[in-house]
Amino acid sequence: MASRLVLASSSASSASHVSLLDPRTLRRALRRSASKETPLVIKDAFTHIGSSWLSDLVASAENTHVEVLLRENNHTSSFVAPFMEALGEIAHASDHDSSVLIVEEDLLANSPAHVQDAARLPKEICAENKLDQLPPSLRPGTCVLFGGAGSRSSLHADAFGWVGWNYLVEGEKTWTFIPHDAFPADEVCVRVPPAAWAGDNTSIGAGWQTAVDAYAERSADGTSFTARGGTQEHARAVEEAIQNHGITVHQSEGELVIIPPECFHQVYHHTATVAIAGQYADNTNWPIVCRHVGRWVGMPALEQVVGEQQAAEWTPERLAEVAITTTNL
Ligand SMILES: O=C(O)CCC(=O)C(=O)O
């Protein structure tokens with residue numbers, strides 16, 4: 001099978017690039033991104049993250065332990081290690097064939113107030129996050145990600161129809177996006193409720209995840225990749241979807257990537273990286289959130305919500321209450 005993800009010739013033309021300093025263009029681009037599943041790259045978003053932010057974060061966590069995700073020969077496992085040892089692995093011992101990744105919510109949650117404040121999503125992007133009005137057990141938290149060279153996320157779509165955001169503090173990454181309807185989700189995915197939401201009957205939404213790794217095999221010059229993992233048919237179906245509908249985005253240090261609701265994506269870390277990732281819901285994607293929850297809990301009234309006005313009738317409190325009651329029936 002031919003390698004399909006060719007970095008050198010892929011263009012970022014399907015992803016808009018905007019600056020936080022141009023608010024009117026930014027608002028239009030955010031709205032388009034949420035409704036049309038087009039990823040967005042925002043510059044100048046976290047200018048308040050200063051040069052000491054990372055060292056302050058690391059100092060506050062130096063005596064803690066973290067979960068390390070290890071990917072070796074298409075197999076992912078995890079182990080718990082002292083944070084500083086794990087950082088050493090990320091800086092010096094990670095490569096394409098044996099890579100390490102840390103994705104942690106606790107690091108930021110336990111860091112000093114000025115570190116947390118600097119990592120907050122600017123109001124120009126989301127003035128009021130409706131996810132903050134959900135009951136605490138349903139609220140996703142902001143993560144810090146430390147990736148080693150060659151590490152990659154799974155190929156997945158996030159739960160709930162939220163908008164994802166991912167700011168790159170250090171390093172270089174490539175993203176592959178595939179619009180939801182162009183991805184063979186029923187064939188190759190399992191549904192995964194977010195771990196933060198207990199994963200039991202209190203979960204009111206779920207993401208999609210596949211065992212296929214779009215970045216499994218790297219060409220000798222490092223510019224193209226072949227998918228592997230799952231069955232051969234699954235890998236082929238994913239490759240086809242990427243070939244026909246994939247959008248490649250290169251993310252450099254200081255850029256914020258916006259992940260459209262329910263859009264499939266996988267991320268490849270070319271170097272050691274540090275990133276902050278979170279999620280939000282506002283009027284632009286609240287109808288998508290309502291329909292997502294309605295489908296997951298089996299509530300036609302929610303599933304059929306159309307437009308921002310109708311969605312606004314479902315406050316986050318009402319949505320959570322009704323959906324949790326329905327899942328517990
Ligand atoms: O940066 C990564 O490795 C994964 C990011 C991601 O999947 C996300 O922010 O949703």
Side-chain angles (χ1 to χ4, degrees), residues 5 15 33-34 37 39-42 45-46 66-71 76 78 86 90 94 96 99-105 107-108 119 121 125-126 129 131 140-180 183 189 192-197 205-216 225 242 246-281 285 288 292:
L5 216 174
S33 169
E37 288 189 64
L40 187 62
V41 179
I42 304 177
F46 281 85
V66 289
E67 186 182 11
V68 179
L69 304 170
L70 174 67
R71 189 190 281 265
T76 307
S78 70
I90 282 184
S94 180
H96 182 85
S99 65
V100 281
L101 180 66
I102 300 172
V103 183
E104 279 284 347
E105 278 187 11
L107 291 178
L108 199 56
L121 188 68
I125 296 172
C126 175
N129 188 352
L131 301 178
T142 306
C143 289
V144 180
L145 295 93
F146 293 89
S151 64
R152 52 264 194 208
S153 68
S154 64
L155 174 51
H156 66 283
D158 292 344
F160 208 158
W162 64 44
V163 175
W165 58 268
N166 188 302
Y167 176 72
L168 192 54
V169 180
E170 279 189 19
E172 200 74 30
K173 300 203 282 204
T174 294
W175 295 66
T176 296
F177 291 92
I178 311 109
H180 197 93
F183 195 78
C189 285
V192 255
W197 299 357
W208 292 258
Q209 189 162 309
T210 172
V212 178
D213 173 9
Y215 294 102
F225 294 84
I242 295 175
I247 300 168
T248 303
V249 175
H250 301 285
Q251 185 186 22
S252 302
E253 214 160 281
E255 290 182 335
L256 172 71
V257 166
I258 296 290
I259 306 150
E262 296 188 336
C263 188
F264 279 88
H265 56 282
Q266 184 172 13
V267 186
Y268 188 82
H269 301 234
H270 296 283
T271 63
T273 64
V274 183
I276 310 166
Q279 44 286 117
Y280 71 82
N285 65 314
I288 301 171
H292 180 109

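We count ligands from 1, going down the list as the structure has it; atoms in each ligand are counted the same way. Heavy atoms only: backbone and side chains are in, while hydrogens, waters and symmetry mates are out.
In this structure, His156 has a heavy atom closer than 4.0 Å to ligand 1. Ligand 1 has at least one atom lying under 4.0 Å from a heavy atom of His269. A heavy-atom separation below 4.0 Å is found between Lys173 and ligand 1.
With His96 contributing its side chain and Ala216 its backbone, the two residues share a donor-acceptor pair below 3.5 Å.
Counting the atoms of ligand 1 from 1 in the order shown, those under 4.0 Å from a heavy atom of Asn166 are 1 (O), 5 (C), 9 (O). If you number the atoms of ligand 1 from 1 as listed, the ones under 4.0 Å from a heavy atom of Ser153 come out as 3 (O), 4 (C). If you number the atoms of ligand 1 from 1 as listed, the ones under 4.0 Å from a heavy atom of Leu145 come out as 1 (O), 2 (C), 3 (O), 4 (C).
Among protein heavy atoms, the minimum distance from atom 6 (C) of ligand 1 is reached at His265 NE2, 3.9 Å.
The aromatic rings of His270 and Tyr268 sit perpendicular, their planes meeting at an angle over 60°, well past the 30° parallel limit.
Interatomic distance, SG of Cys263 versus CH2 of Trp175, reported as 10.5 Å (0.5 Å rounding).
Here His180 and Trp208 bring their ring centres to under 6.0 angstrom of each other.
Residue Ile90 comes nearest to Ala272 through the heavy atom pair O-CB, 4.1 Å, listed as atom of the first residue, atom of the second, then distance.
Scanning for ring pair (Phe, Tyr, Trp, His ring centres under 6.0 Å) contacts around Phe46 gives His48, Trp165, Tyr167, with sequence neighbours left out.
With a 4.0 Å cut-off on non-hydrogen atoms, Ile259 touches ligand 1 through its side chain and not its backbone.
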